[in-house]
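Notes for the one structure printed next.
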There are 2 protein chains.
Amino acid sequence: MGTPTIGGTRYKEVKNAMLAALSAQEWKGGEAIPSEKRLAERFGVSIGTLRKAIDELVADNILVRHQGLGTFVSQHQRDRHFFRFFRIVRQDGDKTYPTVSLVSFRKAKATREIAAMLGTEPNARVFTFVNRLALHGETVMIDNIAVAEARFPGLTEAALRERPSTLYNFYQDSFHINVVGTEERLRVATADDAESKLLEVPHGTPLLEVRRVAYSYHHAPVEVRISHVNTARYEYVGPSASHEEPL
Amino acid sequence: MGTPTIGGTRYKEVKNAMLAALSAQEWKGGEAIPSEKRLAERFGVSIGTLRKAIDELVADNILVRHQGLGTFVSQHQRDRHFFRFFRIVRQDGDKTYPTVSLVSFRKAKATREIAAMLGTEPNARVFTFVNRLALHGETVMIDNIAVAEARFPGLTEAALRERPSTLYNFYQDSFHINVVGTEERLRVATADDAESKLLEVPHGTPLLEVRRVAYSYHHAPVEVRISHVNTARYEYVGPSASHEEPL
DNA sequence: AAGTGGTCTAGACCACTAC
DNA sequence: TAGTGGTCTAGACCACTTA
């Protein structure tokens with residue numbers, strides 16, 4: 001193979017070559033990639049080795065296999081792994097999809113903090129917008145979101161408002177950016193004026209703050225999101241740290 | 001093989017047989033299991049198939065491989081995956097091991113809620129104890145812990161106090177119980193009288209509440225823990241939802 | 001040097017999906 | 001029926017650890 005990246009082993013080389021192809025949008029979100037046999041020939045490895053590379057990409061949630069159908073570039077929402085990124089559930093455990101509405105949208109310069117998290121230069125231009133999320137008809141969560149203008153050229157309030165699906169799906173379809181992972185930090189914060197109105201709680205009510213950075217391939221930062229959650233009736237589901245299937 | 005559990009495929013059967021051997025304490029925490037060659041012969045499968053079973057057990061954090069040395073039953077603390085279970089870090093990202101001190105210990109009947117989480121019958125006898133955790137010399141977190149008496153026969157305050165290592169390591173060494181996964185729910189709570197004294201904050205100060213159930217093999221509940229964290233200078237690190245290694 | 005896990009091969013057969 | 005991924009084999013050679 002062309003060894004686009006030097007990896008210690010054959011299958012890592014194959015994995016990196018496939019990540020490169022994904023970054024170059026040779027295969028786009030939702031599309032099927034070539035069959036294992038064809039890819040094995042293309043990269044000059046046996047099917048077993050090719051499978052090991054794909055195994056890791058599947059473990060990373062970058063690809064999805066469907067027996068008898070093919071292997072596909074992960075798509076958000078449609079793949080029902082929506083709740084991997086949306087972790088707020090009712091305290092009785094009930095999971096529902098949130099109703100999202102856009103509260104504000106503007107262009108701005110990144111604060112030092114946001115720039116650092118986005119990995120851009122300080123003062124880079126960013127789009128910032130605020131979403132209100134409701135569950136069971138009740139506003140539960142306010143998201144403050146920032147993305148780099150350079151990565152989302154031509155993003156408009158109208159496009160955001162009219163997106164047919166989830167935000168990460170919109171990033172994928174309209175900007176060919178695949179969110180494949182996130183990192184989150186949680187702490188307690190309090191409701192400011194705007195939030196107390198939207199959430200219908202008194203000013204200063206303690207809220208759960210979730211600071212998230214979303215990443216694409218190669219851990220490249222895509223989006224920064226600071227969420228404030230009213231946990232009176234809802235809560236955040238943390239990591240499960242085990243994948244053992246029930247018998 | 002003896003098919004102790006019916007699994008659709010050979011490697012799942014092998015995996016279940018190995019889980020059974022682990023539950024039966026044939027291989028104990030920290031010990032090496034037999035070599036791949038020997039295990040392949042024992043279960044009557046090829047090495048490749050045996051490896052696939054072990055692959056999953058490693059992915060579940062139940063086994064750990066060391067090239068040239070062997071495959072071992074996961075040990076807490078010693079394996080440095082301590083921070084998989086301890087998720088509180090300073091807001092600047094600094095990670096340190098907590099200093100733990102036992103505040104109280106007693107036998108009691110489980111509340112309905114605790115019994116449900118522990119999977120015991122209502123009113124089952126439990127041990128409940130409280131730990132105070134300090135980071136950088138500052139008390140940051142109070143843990144309220146409950147375990148079933150039936151699973152921890154003869155547990156005493158002295159044994160707890162004198163344990164040489166982490167709690168989960170103590171469970172492993174003294175009761176042969178391996179914690180392999182957790183589930184956590186987070187919300188905002190407030191400091192009660194006892195907590196406000198220990199954490200040196202005013203009564204009613206909002207705290208981050210983490211409700212955790214720890215599981216052993218086959219998702220069997222082992223321990224329930226309700227933690228209250230002062231997030232003024234510390235925070236909770238959430239799931240990362242991606243395992244892609246940096247290049 | 002001997003023993004371990006890590007990688008890799010070149011197939012085989014099965015189960016599922018679409019036509 | 002043809003094409004796909006899912007499982008499985010029976011080896012080979014390499015890299016690492018211990019002695």
Side-chain angles (χ1 to χ4, degrees), chain A residues 1 3 5-18 21-22 27 30-75 78-79 243 245, chain B residues 1-3 5-18 21-22 27 30-75 78-80 243 245:
Chain A
M1 54 177 290
T3 62
T5 337
I6 300 111
T9 61
R10 305 281 274 128
Y11 82 84
K12 289 277 182 195
E13 282 178 28
V14 173
K15 180 182 176 184
N16 285 328
M18 293 183 70
L22 285 161
W27 311 312
E31 289 180 7
I33 67 173
S35 76
E36 297 182 338
K37 188 154 171 292
R38 239 182 291 275
L39 286 170
E41 283 165 8
R42 162 164 166 184
F43 295 123
V45 296
S46 74
I47 288 189
T49 302
L50 187 273
R51 279 184 68 83
K52 184 146 187 185
I54 293 185
D55 282 347
E56 290 208 352
L57 292 168
V58 169
D60 294 341
N61 291 295
I62 290 170
L63 298 178
V64 177
R65 287 199 264 227
H66 292 294
Q67 187 169 359
L69 256 176
T71 302
F72 298 79
V73 181
S74 286
Q75 195 77 336
R78 324 203 214 294
D79 284 331
H243 316 109
E245 305 97 316
Chain B
M1 52 176 292
T3 61
T5 337
I6 300 112
T9 61
R10 306 280 274 129
Y11 81 85
K12 288 278 184 197
E13 282 178 27
V14 172
K15 180 182 177 184
N16 284 328
M18 292 184 71
L22 286 161
W27 309 312
E31 290 181 6
I33 66 174
S35 76
E36 298 182 338
K37 189 155 171 290
R38 240 183 290 275
L39 286 170
E41 283 164 9
R42 163 166 165 184
F43 294 123
V45 295
S46 75
I47 288 188
T49 303
L50 187 275
R51 279 184 68 81
K52 184 146 187 186
I54 293 185
D55 282 347
E56 290 207 353
L57 291 167
V58 169
D60 294 342
N61 290 295
I62 289 170
L63 298 178
V64 178
R65 287 199 264 226
H66 292 293
Q67 186 170 0
L69 257 175
T71 302
F72 298 79
V73 182
S74 286
Q75 194 77 337
R78 322 204 217 295
D79 284 331
R80 287 292 185 286
H243 315 108
E245 304 98 316

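All values reported here derive from a predicted model rather than from experimental measurement. A, B, ... follow the sequence lines: proteins, then strands. Residue 1 opens every chain.
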Completion exercise
Quick tally for nucleotides 6-19 of chain D: nucleotides whose base has a protein heavy atom under 4.0 Å get B, sugar-phosphate-only ones S, the rest -, giving BBSB-----BBSS-
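- Dashed line: the shortest gap from a side-chain N or O of B:Thr71 to OP1 or OP2 of C:dG5 is under 4.0 Å.
- With sequence neighbours left out, the salt bridge (Lys or Arg N to Asp or Glu O under 4.0 Å) criterion links B:Glu41 to B:Lys37.
- Pairing each heavy atom of A:Arg42 with each of A:Trp27, the nearest pair is NH1-CZ2, 3.8 Å.
- Looking at every heavy atom in both residues, A:Ser74 comes nearest to A:Asn61 through OG-O, 2.9 Å.
- At least one donor-acceptor pair closer than 3.5 Å links the side chain of A:Arg10 to the backbone N or O of A:Gly44.
- B:Phe72 approaches B:Gly30 most closely through the heavy-atom pair CD2-O, 3.5 Å.
- Close to C:dG3, at under 4.0 Å from its OP1 or OP2, lies no side-chain N or O of B:Arg38.
- One interatomic measurement links the two molecules: CD1 of B:Ile33 to C1' of C:dG3, which rounds to 15 Å at whole-angstrom precision.
- If you take CZ of B:Phe72 and P of C:dG3, they are 17 Å apart, rounded to a whole angstrom.
- For residues 46-55 of chain A, the pairs satisfying side chain to side chain donor-acceptor pair (under 3.5 Å) are A:Glu36-A:Arg51, A:Ser46-A:Thr49, A:Asp55-A:Arg65, with sequence neighbours left out.
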